[in-house]
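Here is the structure we will look at.
Sequence lines set the chain letters: A, B, ... in the order given, protein chains first and strands last, and positions in each chain run from 1. Owing to the predicted nature of the structure, the values given are computational and were not obtained by experimental measurement.
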Amino acid sequence: MPRSDRRTLLRGLAGAAALGALGLPLRRARAAPPTVVIAGGGFAGASCALALRRLAPQLRVTLVDRQPRFVTGPFCNAVIAGLRPISSITQSHAGLSAAGVRIVHADIDGVEPAARRIRLADGRTIGGDRLVIAPGIDFDWAAIDGYGPAQVERIPHAWPGGAEALRTLRQQLRAMPDNGRVVISVPDNPYRCPPGPYERASLIAHFLKQHKPQASVLILDAKDHFSKEPLFRTAWGTRYGERLQWRGGRRDGARVVAVDSQSRRVRTISGDEYAADVLNIIPPQRAGRLAGDAGLTDAAGWVPVTAHDFSVAGHAGVHVIGDAARAEPMPKSAYAANMQAKLCAHAIARDLAGEPAVETKLINACYSLVAPDYGISITEVYRLDGDTLAAIANAGGISALAADSQTRAAEADYARAWYQNIVRDSFG
Amino acid sequence: MRYRARVIAALLTVFAAAVAAAGEGEMLASACSACHGPEGRSVTGLPSLAGMNRHVFMDRMQAFRHGDGTIMNRIAPAYDAAQTAALADYFAALDRGDNEQRHAP
Ligand SMILES: Cc1cc2nc3c(=O)[nH]c(=O)nc-3n(C[C@H](O)[C@H](O)[C@H](O)COP(=O)(O)OP(=O)(O)OC[C@H]3O[C@@H](n4cnc5c(N)ncnc54)[C@H](O)[C@@H]3O)c2cc1C
């Protein structure tokens, strides 16, 4: 795609403005339509592309991602526990193509906010009137001594890390001794999917209960408290008992600081050592490299955004959505990424059409499976409060602490149904 | 001349307001589609919202606000009467996916 120069940009915007004001495609012959380029085609980037095509069919949308096959974080814990095949959580960009999004499968070398342009590893550039950056997360490899990219094959983080990583972890669980121990290391907030580690521990415990009843799971947590904690603890008590243990940050000094990948031993901040038969390290995280390289991140490694359109202050026409964005109090989830993407798409479409932004509300909802027939959830509704988001006080919260088994089973069904619908809402 | 300009300006204002109103319902509703499907058309056991009678929608939201449901009881209280009505109107105006066949010529 040729980089749009200033004249085509203005003509395109004039065309879009005429359409917005009159509701008719008044685009003059040869006036170039406005263009949006999106770096990253996970939940955030894909949802944004799809929403833009739905809202403003006159826009030309190009999405770049290195992966033709996208293995989702949601339900990857069920794959690890052998409850469903990897194919059931593998998505493609075919639905986006069918919706008229131009897909480029290529490695992105960098994004250039000032030029609103994506630079590919092969030297090509793709520019637009708007640049949306949605690279997800990268890991802070300096955080844990002895755990880096070289150790990932033997000790997968599987966060979610692609099909190979999930297969390896699943295989290691099957192959471990009958009385063995799984150790999971969990980082401090913020990180992708706050309840994810505890769902993972639960579903691994479910697997062990059935196949290796002498084996156990130990969570070594950098935190003292975690998402849906009372619900997880109640469920663990009734379902898994001694089989699933948790040690916390300050209380037990359980933050993992060093890994010996050969012997599969970890050392915590208090100096304690733990041996594992299967070791799963979930490292601390930051925004995907593209955001940091472009100088968009704060000291903690995330991109501060303006809540009403997820734009980046000081960079006209540039938006960052999904896990890479700093959008507290929204968590880093696929639901939030999809929601932010739709807000961003609305804002871009309205802005290009010369319409003012609308007041609105955003939702996040995250289900976790404690077992295939035991689901729990957390939800929050947010309002825009100036440039930031605020959770609405009289709404949101976790599933009822006292609930019958039918309710838990219903929430497990809702979790599976949610997956089907959000995948369609994001990938077409 | 001036009169015509005023009429056009007034028409444009009305139209822009209509676009803005439609946009608000649609934007609010986009928060629902992760669970209830794109444009309110669910492919799963979760209920579709597209084509739902607006009174049924309003009544359900009211019941959720009173504590019914497993998760909607935690979401519905965030929406005031005007927003609930905007959502009801938006979904009521949508074609139910399973009716597409019937509407086809
Ligand atoms: C175990 C686990 C369980 C989870 N469960 C849930 C759940 O139940 N519910 C929920 O809502 N969320 C869940 N999540 C969270 C969810 O996976 C993430 O929040 C979501 O994927 C974020 O979307 P994103 O688009 O920001 O990032 P991603 O989905 O990671 O997408 C980023 C994309 O950018 C591409 N990219 C990055 N850099 C480049 C480059 N240089 N060149 C080319 N392409 C690039 C990547 O290939 C990728 O496709 C879970 C996550 C995990 C790990």
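- Ranking A:Q420, A:R424, A:E359, A:M339 against chain B, the residue ahead of the rest is A:R424, based on heavy-atom pairs under 4.5 Å.
- With contacts defined as side-chain heavy-atom distances shorter than 4.5 Å, the pair A:Y419/B:T44 does not qualify.
- Two residues are said to be in side-chain contact when any heavy atoms from C-beta on lie closer than 4.5 Å; B:C35 and A:Y414 fail this criterion.
- Residue A:I422 touches chain B through both its backbone and its side chain, counting heavy-atom pairs closer than 4.5 Å.
- For chain A, the option among B:A34, B:C32, B:S30 with the highest count of heavy-atom pairs below 4.5 Å is B:A34.
- Using modelled atom types, one finds a donor on one side chain and an acceptor on the other under 3.5 Å when comparing A:S377 with B:R74.
- Interface residue A:R54: only side-chain heavy atoms are found under 4.5 Å from chain B.
- Within the 4.5 Å cutoff, no side-chain heavy atoms of A:K361 are placed close to those of B:I75.
- Residues B:M27 and A:L343 form a side-chain contact, since some pair of their non-hydrogen atoms from C-beta on lies under 4.5 Å apart.
- Of the possible donor and acceptor atoms, one in the side chain of A:N421 sits under 3.5 Å from a partner among the backbone N and O of B:V43.
- The distance from the CD1 atom of A:I376 to the OG1 atom of B:T70 is 13.0 Å, given to the nearest 0.5 Å.
- Going from atom CD1 of B:I71 over to atom CH2 of A:W418 covers 11.0 Å, rounded to the nearest 0.5 Å.
- Heavy-atom pairs under 4.5 Å with chain B were tallied for A:L55, A:I398, A:N338; the largest tally goes to A:I398.
- Between B:Y79 and A:V381, the closest side-chain pair of non-hydrogen atoms falls below 4.5 Å.
- Nearest heavy atom pair, residue B:A78 against residue A:I392, reads CB-CD1, 3.8 Å.
- The shortest non-hydrogen separation linking A:Y335 to B:A31 is OH-O, 2.6 Å.
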